[in-house]
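Throughout, residue positions are numbered sequentially from 1 according to the sequence presented.
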Amino acid sequence: MSPVHSTPPPAASAGPRRLVVVGHGMAGHRLVEAVNSRDQDGSWHITVLAEESRPAYDRVALSACFDGADEESLRLPALDGERVEVRLGDPAAALDREARTVTTASGARLPYDALVLATGSRPFVPPLPGSAAPGCLVYRTLDDIEALRAAAAATTCGRGVVVGGGLLGLEAANALRLLGLTPHVVELAPHLMAVQLDEGGGALLGRMVEDLGVRVHTGVATERVVTDPATGRAVAVELADGTRVETDVVVFAAGVRPRDELAREAGLRVGERGGVAVDDACRSVTDPHVWAVGEVACVASEGRTLGLVAPGYAMAETVADRLLGGAAHFPGADTSTQLKLLGVDVASFGDALATTPGALEVVLNDPVAATYGKLVVSDDAKTLLGGILVGDASAYPLLRPLVGGALPSDPAALLAPDSAGGTAAGGGVAGLPDSAQICSCHAVTKGALSEAITGQGCADVPALKSCTRAGTGCGSCVPALKQILEAAGVEQSRALCEHFTHTRAELFEIVAATGITTFSQLVAEHGRGRGCDVCKPAVAAILASRDSGTHILDGERGGLQDTNDRHLANMQRNGTYSVVPRVPGGEITPDRLIVLGEVARDFGLYTKITGGQRIDLLGARLEQLPDIWRRLTDAGFESGHAYGKALRTVKSCVGSTWCRYGVQDSVGLAVELELRYRGLRAPHKLKAGVSGCARECAEARSKDFGIIATEQGWNLYVGGNGGFTPRHAELLAADLDHATLVRTIDRFLAFYIRTADRLQRTAAWLESLEGGLDHLRAVIMDDSLGICAELDAAMARHVADYQDEWRGVLEDPAKLARFTSFVNAPETPDPAISFTVEREQPVPGPVPLGMPKLSAEGANTH
């Protein structure tokens with residue numbers, strides 16, 4: 001190994017030196033961030049040469065594109081600063097080491113004082129017959145993702161083949177599954193994820209992903225891709241054992257190769273298996289002016305390139321320190337990984353395959369619970385060397401930091417679940433030393449996190465993320481961050497408000513257990529004071545969900561609601577209201593369409609078709625609402641609950657009734673579900689969708705619950721939403737028959753209403769659930785808590801007791817009295833409301849001079 005060179009900082013009068021970074025991936029981006037943030041003296045001017053035309057993005061999260069993420073959400077922070085220039089779509093084409101210049105694809109010739117190669121790697125496509133045919137793809141970039149989407153949409157056979165059963169191959173298989181195809185995974189090794197898992201863990205993973213509809217072929221080579229003689233396109237894959245899989249989509253995920261072409265052409269030494277040969281400072285052993293980071297770097301101490309983001313970040317930090325005059329060394333590769341593959345938790349850390357001489361293995365394999373755990377310990381059983389977890393990786397955040405240290409207890413006890421006498425990794429995070437690395441992506445230790453809590457006042461996980469960057473990479477350490485906060489004595493209050501020390505879920509249980517039916521009784525017996533605008537609507541929603549047969553405005557309940565609920569309509573910015581009648585599933589007859597048009601015309605209302613397949617009538621004055629509702633209810637309409645924390649819509653495509661691609665009746669199901677759950681009061685609004693095939697025209701996976709038709713039945717997705725932070729729903733169960741589907745949705749909604757916090761959408765609720773989707777599935781499908789009968793009964797009560805809220809007002813003179821702008825002149829319109837005309841429709845006009853706009857709370861008190 002060549003000696004490690006030092007890089008003294010430039011003299012103050014020398015002016016900025018020129019740093020050229022070739023590559024705009026995650027490692028290169030991290031390097032520029034590190035140099036730019038620490039270079040207080042302006043020592044370097046940085047030019048980044050990017051091959052792609054888009055800014056750097058998170059390649060680790062590439063599969064999130066199939067869960068609703070877009071390019072913007074994957075983007076890494078912009079590289080701002082006067083001393084940073086990013087040249088998108090202009091990669092390096094040639095390197096002249098003697099002249100110290102880089103020539104770009106556009107012909108620009110850039111001089112450098114230091115050059116960092118961060119060109120990453122390229123997918124390896126085996127030289128098989130037919131592997132270059134149309135329909136053969138790779139899985140590496142956002143462009144690859146778009147190509148895969150297009151291929152899946154055009155397929156005629158409904159199957160896709162992934163060549164490679166490693167981490168990337170399984171992510172590609174999941175992508176195919178989410179695109180509506182049946183994936184086949186072909187792996188040459190005897191089991192899946194052979195680099196990270198042993199035979200036992202790989203075998204369990206294989207069984208679990210097959211249960212999810214993925215066909216696994218292990219221990220067999222791919223012989224060739226069969227092509228159509230006429231078109232040249234892929235039509236099948238043939239395996240060495242004679243198996244033939246008909247497919248027109250083939251994804252190669254059989255590993256990567258470092259992109260070291262520039263280095264080779266420039267005469268830089270490369271490793272035996274490729275990659276720029278660098279020393280422990282990540283400097284080229286050939287040229288002291290050239291460095292390399294990420295997947296293109298072959299570190300001498302490792303003897304290989306490293307394909308994970310954490311080592312790439314560590315290299316970037318090392319080079320940044322060196323460029324600014326430091327003496328950092330690459331600390332070695334942390335190849336630990338925790339991920340969820342096709343819904344299966346998998347973790348591997350340290351010497352997972354027991355390559356250390358004399359290493360002992362402690363294995364706990366539970367096929368019934370579908371979990372596999374292995375710890376690798378030293379020959380004296382005192383030191384933890386590594387481990388594997390499949391099916392349940394909850395212990396990973398606590399076990400990984402122990403690698404290389406003394407075992408806190410018997411290894412078998414560390415693997416055993418708590419219910420079987422396990423010791424929770426030696427007492428949990430509190431038992432870890434300060435030197436234990438909690439976040440491997442950003443090399444954050446427990447000591448650094450503790451200092452952020454005690455020294456910098458970080459009191460929650462977001463604050464810790466902002467202060468230390470822990471938890472902002474792969475996210476696997478977030479549970480440990482919560483435990484560190486708890487161990488430091490930082491308690492997060494979950495009280496509903498100052499009047500109740502209980503959470504919303506606890507108040508729900510209190511109401512259910514005691515039979516309390518009024519807010520005043522609840523606050524008198526279990527709270528204090530008179531309540532506020534936080535607890536009153538929350539309790540009102542709890543009471544409504546427990547007793548849907550009582551009108552939302554009856555008795556005390558009317559005074560608990562916010563403005564929109566009190567008037568059963570959404571107040572607009574000019575003091576008028578919108579009226580949104582229910583249109584179940586978006587299906588409506590011509591006669592009812594005519595009624596909506598006539599009502600809008602007669603009352604001078606603005607009309608707009610909503611994103612939820614309804615028609616919004618805006619601009620109604622308060623005193624007009626009952627007359628509008630009467631016209632609508634007489635025509636068969638009812639409240640669409642656009643004003644309430646309740647079910648809004650169940651959106652649908654036209655399904656098998658009309659569409660030539662539809663495989664089930666999506667409209668019929670959407671209408672049935674919307675009528676079943678109409679008026680269901682919840683912690684937050686609920687939206688749903690039903691798509692009649694995998695093409696997803698109803699956007700079902702962006703909803704709180706969404707259903708997608710399959711040839712065998714229905715796939716149910718839960719926990720999605722739009723809004724400020726869009727999130728795609730996750731697959732809860734596949735190929736359900738009609739009765740099972742409805743029962744499962746019943747229980748999902750009832751359990752959400754019972755346990756969620758105030759104003760918590762289903763997406764945030766699902767993320768906050770201990771155990772997440774697996775726990776939800778166990779509760780509502782396996783009845784792990786023994787409450788399914790209660791959940792079924794709760795939904796049955798709602799369905800039986802439902803009453804239209806608009807009609808309830810029209811039939812009650814006391815409720816009708818609420819709908820006047822002026823108590824002493826009920827027919828007088830509010831003079832503060834005015835309109836103008838745009839695009840042939842009325843829109844809010846200016847408020848007359850001297851006439852203040854009515855407040856939301858004072859609209860009916862004049």
> Between the main-chain N or O of Ser702 and the side-chain N or O of Arg727, is there a donor-acceptor pair closer than 3.5 Å?
Replying inline: no

> Do Leu686 and Thr762 pass the side-chain contact (heavy atoms from CB on, under 4.5 Å) test, and can you show the C-alpha distance, the side-chain angles, and the key distance before you say yes or no?
Replying inline: CA-CA 8 Å; Leu686 293 164; Thr762 57; 3.9 Å; yes

> Between CE of Met795 and OG of Ser545, what distance do you get to the nearest 0.5 Å?
Replying inline: 10.0 Å

> So, do Val650 and Val690 sit near enough that their side-chain heavy atoms are less than 4.5 Å apart?
Replying inline: yes

>> Just so I know, are the side chains of Leu618 and Tyr577 near enough to count as touching, which here means a heavy-atom distance under 4.5 Å?
In response: no

>> With no hydrogens and no angle check, just 3.5 Å: does a side-chain donor-acceptor pair link Asp804 and Ser639?
In response: no

> Is Lys815 atom NZ crowded by more than 12 heavy atoms from other residues, nucleotides or ligands, each under 6.0 Å away?
Replying inline: yes

> Which heavy-atom pair separates Ser768 from Gln760 by the least distance, and what is that distance?
Replying inline: OG-NE2, 3.5 Å

> Does Arg614 use its side chain to pair, donor to acceptor, with the backbone of Arg648 at less than 3.5 Å?
Replying inline: yes

>> Main chain of Leu736, side chain of Thr740: is a donor-acceptor contact present, judged purely on distance under 3.5 Å?
In response: no

> Under 4.0 Å between a Lys/Arg side-chain N and an Asp/Glu carboxylate O for Arg754 and Glu790?
Replying inline: yes

> Can you tell me how far SG of Cys535 sits from CG of Leu507, rounded to the nearest 0.5 angstrom?
Replying inline: 9.0 Å

> Can you check whether Gly611's main-chain N or O pairs, donor with acceptor, with Lys651's side chain at less than 3.5 Å?
Replying inline: yes

>> Donor-acceptor check, side chain of Gln624 to backbone of Arg621, threshold 3.5 angstrom: yes or no?
In response: yes

> Can you check whether His551 reaches Glu805 side chain to side chain, under 4.5 Å on heavy atoms?
Replying inline: yes

> Which atoms form the tightest heavy-atom contact between Asp634 and Arg807, and what is the distance?
Replying inline: N-NH2, 4.2 Å

>> Strictly distance-based, threshold 3.5 Å: is any side-chain N or O of Asn715 a donor or acceptor partner for the main-chain N or O of Asp735?
In response: yes

> Which heavy atom of Thr836 sits nearest a heavy atom of Pro844, and at what distance?
Replying inline: CG2-O, 4.0 Å

> What pair of heavy atoms forms the shortest contact from Ala541 to Ala682, and how long is it?
Replying inline: CB-O, 4.2 Å

> Roughly how far, to the nearest 0.5 Å, is the CZ atom of Arg601 from the CG atom of Leu596?
Replying inline: 12.5 Å

> Under 3.5 Å, is there a donor-acceptor pair between the Asp746 and Tyr677 side chains?
Replying inline: yes

> Taking the side chain as C-beta and beyond, is there a heavy-atom pair between Leu716 and Val718 under 4.5 Å?
Replying inline: yes

>> I'd like to know if the side chain of Asn570 and the backbone of Ala642 have a donor-acceptor N/O pair within less than 3.5 Å.
In response: yes

> Do the side chains of Arg546 and Arg797 get nearer than 4.5 Å, heavy atoms only?
Replying inline: yes

> Counting N and O atoms only, with roles assigned by atom type, does the side chain of Asp783 sit under 3.5 Å from a partner on the main chain of Cys788, one being a donor and the other an acceptor?
Replying inline: yes

>> Among Ile628, Val579, Leu625, exactly one meets side-chain contact (heavy atoms from CB on, under 4.5 Å) together with Trp806. Which residue is that?
In response: Val579

> Could you give the distance from CG (Leu732) to CG (Leu776), rounded to the nearest 0.5 Å?
Replying inline: 5.5 Å

> Any sub-3.5 Å donor-acceptor pair from Gln613's side-chain atoms to Ser652's backbone N or O?
Replying inline: yes

> Among Val667, Val671, Thr649, which residue meets the side-chain contact (heavy atoms from CB on, under 4.5 Å) test with Pro584?
Replying inline: Val671

>> Using the ring pair (Phe, Tyr, Trp, His ring centres under 6.0 Å) criterion, which residues pair with Phe508? Sequence neighbours excluded.
In response: none

> Any side-chain heavy-atom pair from Phe705 and Phe748 closer than 4.5 angstrom?
Replying inline: yes

> Going by an N to O cut-off under 4.0 Å, is there a salt bridge joining Arg747 and Asp792?
Replying inline: yes

> Looking just at side-chain N and O atoms, do His738 and Glu672 make a donor-acceptor pair shorter than 3.5 Å?
Replying inline: yes

>> Between Leu759 and Lys645, is the side-chain contact (heavy atoms from CB on, under 4.5 Å) condition met? List the steps.
In response: CA-CA 8 Å; Leu759 299 183; Lys645 303 297 185 284; 3.6 Å; yes

> Between Asp782 and Arg777, is the closest basic N to carboxylate O distance under 4.0 Å?
Replying inline: no

>> Tell me the closest heavy-atom pair linking Val663 and Ala709, and the distance in Å.
In response: CG2-CB, 3.6 Å

>> Using side-chain contact (heavy atoms from CB on, under 4.5 Å), reason through Leu766 and Tyr752 one step at a time and then give a plain yes or no.
In response: CA-CA 9 Å; Leu766 186 55; Tyr752 161 65; over 6 Å; no

> Has Glu506 got more than 12 heavy atoms of other residues, nucleotides or ligands less than 6.0 Å from its CD?
Replying inline: yes

> Is the number of heavy atoms from other residues, nucleotides or ligands under 6.0 Å of Leu816 CG greater than 12?
Replying inline: yes

> Can you name the nearest heavy-atom pair linking Phe835 to Gly619, along with the distance?
Replying inline: CZ-O, 3.5 Å

> Would you say the side-chain atoms of Ser656 pair up with the backbone N or O of Asp665, donor to acceptor, closer than 3.5 Å?
Replying inline: yes

>> Does either side chain, that of Ser691 or that of Glu696, offer a donor lying less than 3.5 Å from an acceptor on the other one?
In response: yes

> Heavy atoms, side chains only, cut-off 4.5 Å: are Ile516 and Glu525 in contact?
Replying inline: yes

> Is there a side-chain contact between Ile708 and Arg701 (heavy atoms, below 4.5 Å)?
Replying inline: yes

>> Can a side-chain donor-acceptor contact be found between His641 and Arg582 if the only test is distance below 3.5 angstrom?
In response: yes

> Got a second to check how far Leu617's CG is from Tyr606's OH, nearest 0.5 Å?
Replying inline: 11.5 Å

> Does the side-chain contact (heavy atoms from CB on, under 4.5 Å) test come out yes or no for Ile787 and Phe751, once each step is laid out?
Replying inline: CA-CA 9 Å; Ile787 62 171; Phe751 188 51; 3.9 Å; yes

>> Checking Glu638 against Thr633: is there a side-chain donor and acceptor pair closer than 3.5 Å?
In response: no

> Could you state the interatomic distance from CD1 (Ile542) to CZ (Arg681), rounded to the nearest 0.5 Å?
Replying inline: 13.5 Å

>> Can you confirm if the aromatic rings of His567 and Tyr643 lie within a centre distance of less than 6.0 Å?
In response: no

